[in-house]
Colleague: 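The structure that follows is given in the form of C-alpha cells.
Order of listing sets the numbers, starting from 1, for every ligand and every atom in it.
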Amino acid sequence: MAAVPRIFVPSVRNNMTKILKFPKGFLWGAATSAHQVEGGNKNEWWAWSYKKSKMDILGIKVQISKTGRAADHYNCYEEDFNLVKKLNQNAHRFSIEWSRIEPKEGQFNFKELKHYQNVIRALKERNIIPFVTLHHFTCPIWFYRKGNWLNKKSPDYFNRYVEFFIKNIKEEVDFYITINEPINYASWYLPLQGAYQGNKWPNLLDILRAIKNLIKAHQKAYKTLHQYGPKNIQVGIAKNNIFFDGRPKILVSLADWYWNRMFLDKIKNEQDFIGLNYYFHSRIKPGFKNPKNWINQNENKIVSDLGWEIYPEGIYHVLKDLKKYQKPIYITENGLADEKDKLRENFIKDHLYWIHKAIGEEIDIRGYFHWSLMDNYEWEKGFWPRFGLIEIDYKTLERKIRPSAEVYAKICQENAVFM
Ligand code: IFM
C-alpha cells in the first residue's frame with residue numbers, strides 16, 4: 001500500500017495521523033444495480049447482447065457482452081447480505097429490475113414483486129437500511145420498442161410501474177431513488193443504445209428530449225411515491241456530478257450547468273434528498289486538436305484500471321456546489337475499478353477525508369455508499385473492470401472479501417476514518 005502516493009490529503013502529506021469522526025447515525029454501505037449483478041434479466045441490454053458483439057463508436061471500442069448469470073445475486077442475495085452485515089455496513093443500495101416487474105406492457109409479475117419483497121425483508125432482518133432505486137439504466141423490451149425515453153408518454157409508462165410497485169410492495173422502505181444518473185444515461189447510454197441498433201448518433205435535440213422526459217418521469221414518480229408510500233418516505237435522484245475546472249470559464253460553466261445543475265434545478269421542489277455519484281474530475285482546455293479531448297486535460301497522476309483519474313478533492317467541490325439546494329445529501333456511489341485492490345483503501349479514505357471536510361463546513365451529508373458491493377457487469381465494458389469490495393469468481397461464484405473491504409468495515413464500525 002505504501003507504494004501508492006497519498007497526494008490528495010494535506011494531513012497525510014504532512015505525516016500527521018488523524019481520526020475523523022462522522023456524525024452520529026451516518027449511513028455506511030455499498031451499492032449495486034439489478035442488471036449488473038442479478039443475472040438472468042431479459043431487458044433491452046440483454047436483447048442487444050444477442051445482436052452484435054463489437055463496435056466502434058466515436059473511436060471508442062464498445063463491446064456488449066452477455067450478462068448470463070452475472071454474480072447470480074438474484075439467487076445469492078441472502079449470502080451476500082450476510083457479508084454486508086459481516087462488513088458492518090448499516091445500509092445498502094440496490095435496484096429493482098423493471099423488466100422483471102412488467103415484462104409485457106401493463107402486465108405485472110407478482111412473483112417477481114415477491115422476490116424484491118423478500119430482498120427488502122432480508123435486509124431489514126439484518127438491520128440494514130434499504131435504499132431502493134427504481135430505474136438503473138435498464139428498461140423492458142416493450143418500452144424500448146415504443147421509442148424508449150424519446151416517446152412523450154415514457155414518463156407515464158414509468159409512473160405506471162412505480163405506482164404498481166409502491167401500491168403492492170408489502171415491505172416498507174423509507175428511501176427511494178427514482179432514476180440513476182439521468183444525464184449520463186441520456187447523454188451516453190441512450191445514444192449508445194441507438195447506435196448499437198445501427199442508427200445514427202442522435203442529435204442534441206433528441207438527447208434534450210430524453211432528458212425532458214426523464215425530468216417528468218422523476219416528478220411524476222415523486223408524487224406517486226409520496227401519495228402511496230409510507231409516511232416517512234424520502235425520495236431523491238442519484239445524480240453523477242463531475243468536478244469541472246480549467247478554462248475558459250464560460251465553457252466550464254456551460255459544462256457545469258448541463259451536466260451538474262440543469263436536472264437538479266428542474267426538480268428542486270420534488271426531491272427530499274440528493275444522491276451524489278462521484279467519479280470524475282474534468283479539466284477543460286480547448287485546443288486545436290479533437291474537441292473530444294477538450295474535456296479531459298487532467299494530470300492523471302493516479303488512475304484506476306479503467307484509466308479514470310482518481311481525484312478525491314473533487315468530491316469536496318461538488319458537495320460545496322450542492323449546498324445551495326439545502327437538502328440532505330447521501331453519496332450514493334463512489335468507487336473504482338481496481339482488480340488487484342492496490343488503490344481502493346486509500347481511495348476510500350481520501351474521499352472520506354474530503355467528505356468529512358465538507359461536513360465540517362455545514363454541508364448536510366448523511367451517508368456513503370461505496371460502488372460496488374461486489375464485482376459486476378460494467379455495461380459496455382463487460383465484466384473485466386472490477387469495482388467490488390467483494391471479489392466474484394464468475395466460474396464458481398465464490399465470494400472473496402478484498403482487503404480494502406476489511407478496512408472499510410472498520411470505518412463503518414467506528415463511524416470514523418483513521419487517516
Ligand atoms: O457501474 C456504474 C453504475 O452502473 C453507474 N455509476 C457508475 C458505475 C461505474 O461506471
Side-chain angles (χ1 to χ4, degrees), residues 29-39 41 43-46 48-49 57 60-65 67 70-71 73 92-99 131-139 177-193 214 236-243 259-260 263 274-282 296 303-312 314-315 318 330-339 343-344 347-348 351 368-392 394 404:
T32 64
S33 91
H35 193 60
Q36 294 180 268
V37 294
E38 280 183 352
N41 288 325
N43 52 33
E44 85 286 32
W45 276 86
W46 168 83
W48 303 330
S49 69
I57 295 175
I60 301 168
K61 290 252 173 292
V62 170
Q63 165 110 43
I64 309 285
S65 48
T67 36
H73 179 65
H92 180 68
R93 176 179 172 225
F94 70 99
S95 78
I96 308 296
E97 178 60 34
W98 180 5
S99 64
F131 268 59
V132 171
T133 306
L134 291 161
H135 186 279
H136 193 122
F137 293 171
T138 57
C139 296
I177 289 166
T178 54
I179 300 166
N180 183 67
E181 301 183 357
I183 298 292
N184 183 22
Y185 178 57
S187 313
W188 170 242
Y189 288 103
L190 285 180
L192 171 68
Q193 294 172 355
L214 287 160
I237 196 107
K239 191 60 196 53
N240 65 317
N241 280 8
I242 294 178
F243 171 48
W259 198 271
N260 293 339
F263 203 99
I274 298 175
L276 169 67
N277 294 2
Y278 173 76
Y279 292 90
F280 295 111
H281 166 221
S282 175
N296 185 5
V303 296
S304 72
D305 292 352
L306 277 165
W308 296 357
E309 187 196 42
I310 296 174
Y311 195 75
I315 199 168
V318 167
Y330 294 88
I331 314 296
T332 38
E333 283 184 33
N334 172 234
L336 80 169
D338 178 24
E339 185 177 9
L343 303 177
R344 196 172 280 103
F347 178 99
I348 293 173
H351 281 82
Y368 175 86
F369 293 82
H370 190 74
W371 183 269
S372 175
L373 176 65
M374 65 187 92
D375 289 340
N376 58 52
Y377 177 73
E378 178 59 13
W379 305 111
E380 78 282 10
K381 301 184 184 75
F383 280 104
W384 73 262
R386 300 288 188 141
F387 276 89
L389 290 168
I390 299 170
E391 181 185 340
I392 303 287
Y394 289 109
S404 59

Colleague: Could you tell me which atoms of ligand 1, counted from 1 in the order shown, lie closer than 4.0 angstrom to a heavy atom of E378?
Modeller: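 Atoms satisfying the 4.0 Å criterion: 1 (O), 2 (C), 9 (C), 10 (O).
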Colleague: Heavy-atom contacts with F387 under 4.0 Å: which atoms of ligand 1 show up? List them by number with element.
Modeller: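 Counting atoms of ligand 1 from 1, those under 4.0 Å from F387 are 9 (C).
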Colleague: Taking only heavy atoms of E181 into account, list the atoms of ligand 1 that are under 4.0 Å away from them.
Modeller: 5 (C), 6 (N), 7 (C)
Colleague: Would the H135 and Y185 ring centres measure less than 6.0 Å apart?
Modeller: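 Ring centroids of H135 and Y185 are less than 6.0 Å from each other.
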Colleague: Which of the numbered atoms in ligand 1 are below 4.0 angstrom from a heavy atom of N180?
Modeller: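 That gives atoms 5 (C) of ligand 1.
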Colleague: Quick test: of every protein heavy atom, which one is nearest to atom 7 (C) of ligand 1, and how far off is it to 0.1 Å?
Modeller: E333 OE1, 3.3 Å
Colleague: Mind checking what makes salt bridge (Lys or Arg N to Asp or Glu O under 4.0 Å) contact with E97, not counting sequence neighbours?
Modeller: none
Colleague: Please work out which of the three classes, parallel, tilted or perpendicular, describes the rings of W45 and H35, given edges at 30° and 60°.
Modeller: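 The arrangement is tilted - the two ring planes meet at 30° to 60°.
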Colleague: Against heavy atoms of H136, which atoms of ligand 1 measure under 4.0 Å?
Modeller: 3 (C), 4 (O), 5 (C)
Colleague: How far apart are the C-alpha atoms of Y279 and N240, what are their side-chain angles, what is the distance that settles it, and do they pass the side-chain hydrogen bond (donor to acceptor under 3.5 Å, both in side chains) test?
Modeller: CA-CA 8 Å; Y279 292 90; N240 65 317; over 6 Å; no
Colleague: Below 4.0 Å, non-hydrogen atoms only: which portion of Y185 touches ligand 1? Side chain, backbone, both or neither.
Modeller: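 For Y185, there is no contact with ligand 1 at all, from either part.
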Colleague: Quick test: of every protein heavy atom, which one is nearest to atom 8 (C) of ligand 1, and how far off is it to 0.1 Å?
Modeller: Y279 OH, 3.4 Å
Colleague: Which atoms of ligand 1 are found less than 4.0 Å from any heavy atom of W308?
Modeller: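 Answer, ordered by atom number: 10 (O).
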Colleague: Do N43 and F137 make a side-chain contact, defined as non-hydrogen atoms from C-beta onward lying under 4.5 Å apart?
Modeller: no
Colleague: For side-chain hydrogen bond (donor to acceptor under 3.5 Å, both in side chains), just list the numbers for W371 and Q36, CA-CA rounded to whole Å, side-chain angles, deciding distance to a tenth of an Å, and then say yes or no.
Modeller: CA-CA 12 Å; W371 183 269; Q36 294 180 268; 5.4 Å; no
Colleague: Given that the side chain starts at C-beta and the backbone is N, CA, C, O, which of these parts of N240 lies under 4.0 Å from ligand 1, counting heavy atoms, or is it both or neither?
Modeller: neither
Colleague: Relative to the ring of H351, is the ring of Y278 parallel (under 30°), tilted (30 to 60°) or perpendicular (over 60°)?
Modeller: tilted
